[in-house]
There are 2 protein chains.
Amino acid sequence: MQFVALSIMNKKEIGKIIRDRRKFLKITQRDFSEIVGLSLRNYIDIENGKANPTFEALKKITDAQGLEIIIKVD
Amino acid sequence: MQFVALSIMNKKEIGKIIRDRRKFLKITQRDFSEIVGLSLRNYIDIENGKANPTFEALKKITDAQGLEIIIKVD
DNA sequence: AACTAATGTGCAATAAATTGCATATTCTAT
DNA sequence: ATAGAATATGCAATTTATTGCACATTAGTT
């Protein structure tokens with residue numbers, strides 16, 4: 001299984017990644033927000049790049065989607 | 001220049017990475033927090049893994065340290 | 001050991017993230 | 001075109017992150 005590493009510049013990009021992933025997994029925002037343990041409202045705003053989520057909110061989402069947060073140190 | 005990709009599990013790990021990097025760059029927390037535009041108090045807490053920083057706070061720090069935030073999608 | 005520099009902490013006030021609700025809008029399936 | 005499903009939004013209340021200050025503690029240098 002080949003992976004893609006996406007460098008994150010801003011919150012809009014985060015939103016795009018997690019939305020694409022959620023659609024790929026074929027699950028609604030409502031259901032997913034429940035699984036993750038975030039309010040539906042917050043989750044929607046994050047997907048739309050409108051919220052500035054805390055690290056832990058982000059971690060919950062990415063964990064639930066089987067994604068990995070990485071910091072690259074040169 | 002060879003890099004290292006560090007997978008992040010929790011806020012403590014973030015703290016460790018940015019502290020190590022700051023020390024490597026030989027700059028005090030006070031000076032660095034000013035450069036970044038975060039309160040000294042918040043910056044200290046983040047380094048100690050006590051704060052749950054927003055994505056944007058994290059981005060400011062990593063940008064200032066020449067680090068990259070990545071999401072890995074398999 | 002003494003002094004200075006750097007880091008850490010209690011605390012309250014402020015700012016910003018999060019939440020939940022009702023409703024509007026958009027999307028999808030038929 | 002229609003109905004139902006899914007998503008988006010205004011809003012206020014609540015919760016949590018952030019801030020700045022004084023002072024304590026630790027680290028580094030001589």
Side-chain angles (χ1 to χ4, degrees), chain A residues 4 6-74, chain B residues 4 6-74:
Chain A
V4 180
L6 301 170
S7 184
I8 307 299
M9 299 302 288
N10 56 59
K11 57 191 184 188
K12 267 190 168 300
E13 291 178 351
I14 290 180
K16 186 173 190 321
I17 292 171
I18 61 175
R19 170 167 284 168
D20 288 350
R21 186 69 166 184
R22 179 181 60 76
K23 288 185 170 180
F24 173 74
L25 298 170
K26 293 186 177 18
I27 178 170
T28 63
Q29 292 179 333
R30 173 186 294 281
D31 287 347
F32 187 64
S33 70
E34 278 170 21
I35 292 172
V36 170
L38 290 188
S39 72
L40 174 60
R41 179 50 195 265
N42 195 24
Y43 182 71
I44 287 173
D45 286 345
I46 292 173
E47 265 201 21
N48 286 307
K50 289 184 177 179
N52 172 26
T54 60
F55 165 73
E56 279 174 358
L58 217 46
K59 193 74 172 81
K60 280 181 170 182
I61 294 173
T62 51
D63 279 351
Q65 294 191 331
L67 305 178
E68 203 178 341
I69 300 179
I70 288 171
I71 292 188
K72 202 162 110 184
V73 185
D74 57 38
Chain B
V4 178
L6 301 170
S7 184
I8 308 299
M9 299 302 289
N10 57 58
K11 59 191 183 188
K12 264 187 170 303
E13 290 178 351
I14 291 182
K16 186 174 188 322
I17 292 172
I18 63 175
R19 171 167 283 167
D20 287 350
R21 185 71 164 181
R22 178 179 59 78
K23 287 185 172 180
F24 172 76
L25 298 171
K26 293 186 179 12
I27 180 171
T28 63
Q29 293 179 332
R30 174 186 294 280
D31 286 347
F32 187 65
S33 69
E34 279 170 18
I35 292 173
V36 170
L38 289 188
S39 73
L40 174 60
R41 180 50 196 267
N42 196 25
Y43 182 72
I44 287 174
D45 285 346
I46 293 173
E47 265 201 19
N48 286 308
K50 290 186 175 179
N52 173 25
T54 61
F55 165 73
E56 279 173 356
L58 218 47
K59 193 75 173 81
K60 279 183 174 182
I61 294 173
T62 50
D63 280 350
Q65 293 190 334
L67 306 178
E68 204 177 339
I69 300 179
I70 289 173
I71 292 188
K72 203 161 107 182
V73 185
D74 55 41

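Quantities reported herein were computed from a predicted structural model and do not represent experimental measurements.
Distance alone, capped at 3.5 Å, is enough to place a donor-acceptor pair between the A/N10 side chain and the A/E13 backbone.
Annotation: side chain of B/V73 is not in contact with side chain of A/D20 (no heavy-atom distance under 4.5 Å).
Nearest heavy atoms, A/K60 versus A/G37: NZ-O, 3.6 Å. Contact detail for B/S7 and A/E68: the closest heavy-atom pair is OG-OE2, 2.7 Å. Scanning all heavy atoms of the two residues, the minimum distance from A/R19 to A/N48 falls at NH2-OD1, 3.2 Å. Annotation for B/T28 and B/D31: closest pair OG1-N, 3.1 Å, computed over non-hydrogen atoms.
Taking atom NZ of A/K16 as the reference point, atom P of D/dT7 lies 16 Å away to the nearest angstrom. One can place CZ of A/F55 at 18 Å from C1' of D/dT18, the figure rounded to the nearest angstrom.
In this structure, OG1 in A/T54 is found 8.0 Å from CG in A/N42, a value given to the nearest 0.5 Å. Rounded to the nearest 0.5 Å, atoms NZ (A/K59) and CG (A/L67) are 10.0 Å apart. Atoms CD1 and CD1, from B/I18 and B/I46 in turn, are 6.0 Å apart once rounded to the nearest 0.5 Å. The distance from atom CG of B/L6 to atom CD1 of A/I69, rounded to the nearest 0.5 Å, is 13.0 Å. Within the model, atoms NZ of A/K16 and CD1 of A/I14 stand 13.5 Å from one another, a figure rounded to the nearest 0.5 Å.
Annotation: proximity of residues 18-26 of chain B to DNA chain C (heavy atom, distance under 4.0 Å) is found for B/R19, B/R22, numbered in ascending order. At a non-hydrogen distance threshold of 4.0 Å, B/L38, B/S39 from residues 32-40 of chain B come into contact with DNA chain D. Non-hydrogen atoms lying under 4.0 Å from DNA chain C are contributed by B/I44, B/N48, B/K50, all within residues 44-52 of chain B.
Between A/T54 and D/dT16, a side-chain N or O to OP1/OP2 separation shorter than 4.0 Å is absent.
The side chain to side chain contact (heavy atoms under 4.5 Å, CB included) test with A/I8 singles out one residue from B/I71, B/T62, B/I70, B/L58, and that residue is B/I71.
Under the rule for a side-chain hydrogen bond (donor to acceptor under 3.5 Å, both in side chains), B/K50 has no partner lying at least two apart in sequence or in another chain. Partners of B/S33 according to the side-chain hydrogen bond (donor to acceptor under 3.5 Å, both in side chains) rule, which considers only residues two or more places apart in sequence or in another chain, do not exist here. Annotation: ring-ring contact (aromatic ring centres under 6.0 Å, His included) contacts of B/F55 (sequence neighbours excluded): none. For A/Q29, the side-chain hydrogen bond (donor to acceptor under 3.5 Å, both in side chains) partners are A/E47, not counting sequence neighbours.
For the ring pair (Phe, Tyr, Trp, His ring centres under 6.0 Å) condition, the pairs that include at least one residue of residues 10-37 of chain A, sequence neighbours left out, are A/F32-A/Y43.
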Produce the list of close N/O pairs, under 3.5 Å, pairing protein atoms with atoms of nucleotides 24-29 of chain D; give distances to one decimal.
none

Report all interatomic pairs (protein N or O, nucleotide N or O of nucleotides 11-15 of chain D) with separations under 3.5 Å.
from, atom 1, to, atom 2, distance (Å)
D/dC11, N4, A/R41, NH1, 2.9

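With the end axes of the helix from C/dA1-D/dT30 to C/dT30-D/dA1 each set by five pairs, the angle from one to the other reads 70° at 10° resolution.
Under a 4.0 Å N-O distance rule, the pair A/D74/B/R21 qualifies as a salt bridge.
For DNA chain C, the contact window with chain A, defined by any atom under 4.0 Å from a protein heavy atom, covers C/dA17 to C/dG20 in 5' to 3' order.
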